[in-house]
Amino acid sequence: GVVADDTVEIVAFTSLDNINTDIVLDTTPQLGGNLDANSKDITGIGSVGIGTTVPSKLLHVYNGASGFTGSYNGRTTAVIEGDNNGGTTLSIMAKSSGYSGLFFGDESSETPGQLQYVHSSNAFRFLTNSSERVRIDSDGNLGINSTTPAARLDVRGNSVITGILTATTFDGSLAFTNLTGITTVIS
C-alpha cells in the first residue's frame, strides 16, 4: 500500500500472468502512474533498475542515454549512466571528520586496496596491501611513500628512471641532497 506521497510499501507480490516475475514500484504521488524517472524496477532475474525498466546489469542507474552501444564487460556488476554532456558523477558524501572512499577487496579482506579522500586535510590517499603508498595533499604535492610530501614530487625510497630526465630550473642549477644532508649543486 501507499505509506506516504512518495513511498510505496509492498506487502505481498503475485505474478498475474505466472510468467512475468518483475516487481515495478512507481513512486510518483498519484496511483497508477506510468513508469518514468521515478520508477524502480526489480526484474525476475534479480536486476535492479533505477530510471529504467530494462537494467543492463545487476544495478543500473539511468539518467538518460550515454550513447554507449557496445556490450558491458562480463565482470561489470553496476552501471551508472547519464546523458549530460558535462559528465556523469557518482557522489560519495561523508562527514568532514571522516573520509569518502572506495574499497577493493577479495575473499580474504574487504580493504587491501583503497582510494580515500580525507576531508579534514583535503588529501587523496591511495592504499595498496592495506598501506598508504601515494598521497596528493591539499597543495597539490604528490608523495610516493610519503604521507607528508614536501614538494610537488616527493619520492621516498629508491627510484628508477628509464629514458631522459629533464629538469628545468630558474637559475640553471640542479641540487642533489644525500642522506647525510650534504647538498651538491650542478650548474
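Since the model is a prediction, treat every value here as computed from it, not as a measurement.
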Inset, instruction - Could you walk me through whether Arg125 and Val118 pass side chain to side chain contact (heavy atoms under 4.5 Å, CB included), step by step? - result: CA-CA 7 Å; Arg125 297 170 19 137; Val118 183; 3.3 Å; yes
Inset, instruction - Just do the side chain to side chain contact (heavy atoms under 4.5 Å, CB included) check on Thr148 and Ser146 with the steps written out, would you? - result: CA-CA 5 Å; Thr148 56; Ser146 171; 4.2 Å; yes
Legend entry - Chi angles and distances behind the side-chain hydrogen bond (donor to acceptor under 3.5 Å, both in side chains) call for His119, Ser97: CA-CA 6 Å; His119 299 285; Ser97 59; over 6 Å; no
Inset, instruction - Test side chain to side chain contact (heavy atoms under 4.5 Å, CB included) on Leu127 and Gln116 and set out the steps. - result: CA-CA 8 Å; Leu127 287 75; Gln116 299 178 355; 4.0 Å; yes
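When hydrophobic clusters are built by joining Ile, Leu, Val, Met, Phe, Trp and Tyr residues whose side-chain heavy atoms come closer than 4.5 Å, directly or via intermediates, Leu90 is grouped together with Val48. Val134 and Leu102 end up in the same hydrophobic cluster when Ile, Leu, Val, Met, Phe, Trp and Tyr side chains are linked at under 4.5 Å. Residue Phe126 is grouped with residue Val155 when hydrophobic side chains (ILVMFWY) are merged at heavy-atom distances under 4.5 angstrom, including chains of intermediate members. In this structure, Ile136 is a member of the same hydrophobic cluster as Leu153, with clusters built from ILVMFWY side-chain heavy atoms closer than 4.5 Å.
Note that CG of Asn141 and CZ of Arg152 are 5.0 Å apart. Values are rounded to the nearest 0.5 Å. From Lys57, atom NZ reaches atom CZ of Arg75 across 10.5 Å, with rounding to the nearest 0.5 Å. The distance from the CG atom of Asn63 to the OG1 atom of Thr52 is 11.5 Å, given to the nearest 0.5 Å. Once rounded to the nearest 0.5 Å, the distance linking OG of Ser120 with NZ of Lys95 reads 14.5 Å.
In this model, no donor atom of one side chain and acceptor atom of the other lie less than 3.5 Å apart for Glu132 and Thr147. Under 3.5 Å, the side chains of Ser131 and Asn129 contain no donor-acceptor pair of N or O atoms.
Salt-bridge annotation for Asp137 and Arg135: absent, with no side-chain N of the basic residue lying under 4.0 Å from a carboxylate O of the acidic one.
Contact annotation: the side chain of Leu115 approaches that of Phe104 to within less than 4.5 Å [non-hydrogen atoms, C-beta and beyond]. Within the 4.5 Å cutoff, side-chain heavy atoms of Ile80 are placed close to those of Thr88.
Here the two rings, on Phe124 and Tyr117, have centers that are under 6.0 Å apart.
Among all heavy-atom pairs drawn from Ser121 and Ser138, the shortest one is O-CB, 3.5 Å. Here the closest non-hydrogen pair linking Ile92 and Ser100 is O-OG, 2.9 Å. Asp154 and Pro149 make their closest contact through OD2-CA, 3.4 Å (heavy atoms, listed as atom of the first residue, atom of the second, distance).
When atom types are taken as modelled, the side chain of Ser66 and the backbone of Phe68 share a donor-acceptor pair closer than 3.5 angstrom.
Using a 30° and 60° split on the angle between ring planes, Tyr62 and His60 fall in the perpendicular class, above 60°.
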